[in-house]
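No experiment lies behind these values; they were computed from the predicted model shown. Note that the numbering runs from 1 along the sequence shown for the chain.
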Amino acid sequence: MGGDSTVPPPPPDLEHVSPVDMSYLQIAVEEAYKAVKSGEGGPFGAVVVHNGEVIVRTHNHVLSQLDPTAHAEVTAVRKACKVLGKYDLSDCDIYASCEPCPMCFGAIHLAKFRRLVYGAQAESAVAIGFDDFIADAIRGTAKHQKPTISILKAMGPVGHAADQVFKNTAEQFKMY
């Protein structure tokens with residue numbers, strides 16, 4: 001059945017991770033250790049490469065910045081956008097020491113990176129207590145970090161007004 005949208009995507013292409021990719025990934029791993037040694041955050045690192053040059057190397061800064069969004073990949077995206085003066089990073093690759101959480105993957109996806117190369121699988125992070133994977137929190141299946149937030153969808157006039165914002169401003173945001 002061609003075009004069946006229920007077919008899962010193929011697994012990451014392990015055969016095409018080059019020696020050069022491995023060298024950039026090694027830098028991300030070094031950044032992960034730096035985060036822990038410095039006390040700035042959890043054991044996660046990221047590197048952004050543009051035209052074969054490392055333009056950003058960073059790590060998790062959640063603890064030092066008191067910012068739960070200061071994950072290595074999000075920090076890398078923010079810094080790369082500033083370095084290059086643009087938000088479209090489709091001519092860049094990102095290397096992450098660990099498979100990105102949904103927030104980080106969202107940032108990577110929105111920045112339109114050409115490639116993502118990661119080292120450890122998410123299960124390695126989950127095994128030591130980092131299970132901040134949003135889908136698990138919403139489903140209540142998180143092993144360590146149980147959600148403490150109520151999630152509500154506004155209905156009625158205000159919910160409708162929030163939907164209307166997109167319809168009323170669509171002409172100003174022709175992105176695709």
Side-chain angles (χ1 to χ4, degrees), residues 2-3 5 7-137 145 172-176:
S5 63
V7 175
D13 189 353
L14 302 178
E15 294 180 27
H16 291 94
V17 176
S18 72
V20 172
D21 290 330
M22 297 301 255
S23 69
Y24 294 135
L25 189 55
Q26 180 60 42
I27 296 169
V29 169
E30 291 166 9
E31 285 292 326
Y33 278 114
K34 185 177 177 182
V36 175
K37 186 176 181 180
S38 67
E40 293 181 311
F44 303 93
V47 172
V48 177
V49 175
H50 178 255
N51 294 331
E53 179 184 343
V54 173
I55 61 165
V56 170
R57 60 181 293 163
T58 191
H59 52 268
N60 185 291
H61 286 86
V62 169
L63 299 175
S64 62
Q65 294 181 10
L66 302 176
D67 178 355
T69 70
H71 290 197
E73 301 90 334
V74 171
T75 301
V77 169
R78 290 173 179 159
K79 288 182 175 188
C81 289
K82 285 185 180 173
V83 166
L84 296 174
K86 60 184 184 174
Y87 63 86
D88 180 339
L89 302 177
S90 58
D91 56 352
C92 296
D93 298 329
I94 187 165
Y95 296 83
S97 63
C98 185
E99 182 178 2
C101 75
M103 176 185 69
C104 292
F105 183 75
I108 291 165
H109 174 71
L110 290 173
K112 302 178 185 158
F113 277 94
R114 178 177 48 212
R115 296 171 64 237
L116 160 65
V117 178
Y118 67 89
Q121 289 187 295
E123 289 78 8
S124 296
V126 170
I128 66 166
F130 289 96
D131 64 349
D132 55 351
F133 295 94
I134 296 165
D136 288 331
Q145 298 173 337
Q172 296 171 15
F173 297 97
K174 291 289 183 189
M175 298 174 73
Y176 308 103

Could you state the interatomic distance from [atom1] ([X]) to [atom2] ([Y]), rounded to the nearest 0.5 Å?
X      : Y      : atom1 : atom2 : result
Ser97  : Ile27  : OG    : CD1   : 12.5 Å
Tyr24  : Ile94  : OH    : CD1   : 14.0 Å
Thr58  : Glu73  : OG1   : CD    : 10.0 Å
Cys92  : Phe113 : SG    : CZ    : 6.0 Å
Thr75  : Arg57  : OG1   : CZ    : 15.0 Å
His109 : Leu116 : NE2   : CG    : 12.5 Å

Does any N or O in the side chain of [X] come within less than 3.5 Å of the main-chain N or O of [Y], such that one atom is a donor and the other an acceptor?
X     : Y     : answer
Asn51 : Glu53 : no
Tyr95 : Val49 : no
Glu31 : Gly45 : no

Which pairs count as ring-ring contact (aromatic ring centres under 6.0 Å, His included) when at least one residue sits in residues 39-59, sequence neighbours excluded?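 Applying ring-ring contact (aromatic ring centres under 6.0 Å, His included) to every pair that reaches into residues 39-59, excluding sequence neighbours, yields Phe44-Phe130, His59-His61.
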
Sub-4.5 Å side-chain heavy-atom contact between Val117 and Val17: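 SC-SC contact between Val117 and Val17 confirmed.
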
Is Lys86 close to Cys81 at the side-chain level, that is, under 4.5 Å between some pair of heavy atoms?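 Cys81 does not reach Lys86 side chain to side chain.
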
Do you know the tightest heavy-atom contact between [X] and [Y]?
X     : Y      : result
Val74 : Ala107 : CG2-CB, 4.1 Å
Asn60 : Gly41  : OD1-CA, 3.2 Å
Ala96 : Leu25  : O-CD1, 3.2 Å
Ala80 : Leu89  : CB-CD1, 3.9 Å
Val47 : Ala28  : CG2-N, 3.6 Å
Gly42 : Val36  : C-CG2, 4.1 Å

Applying salt bridge (Lys or Arg N to Asp or Glu O under 4.0 Å) as the test, list every pair that has at least one member in residues 34-48; sequence neighbours left out.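 Residue pairs passing salt bridge (Lys or Arg N to Asp or Glu O under 4.0 Å), neighbours aside: none found.
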
With sequence neighbours excluded, give me every salt bridge (Lys or Arg N to Asp or Glu O under 4.0 Å) pair touching residues 75-85.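 Passing the test, one end in residues 75-85: Asp67-Arg78.
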
When you look at CD of Gln65, are more than 12 heavy atoms from neighbouring residues, nucleotides or ligands closer to it than 6.0 Å?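 Counting neighbours around CD of Gln65, more than 12 heavy atoms of other residues, nucleotides or ligands fall under 6.0 Å, so yes.
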
Any Lys/Arg nitrogen of Asp91 or Lys112 sitting under 4.0 Å from an Asp/Glu carboxylate oxygen of the other?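 No, Asp91 and Lys112 are not salt-bridged.
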
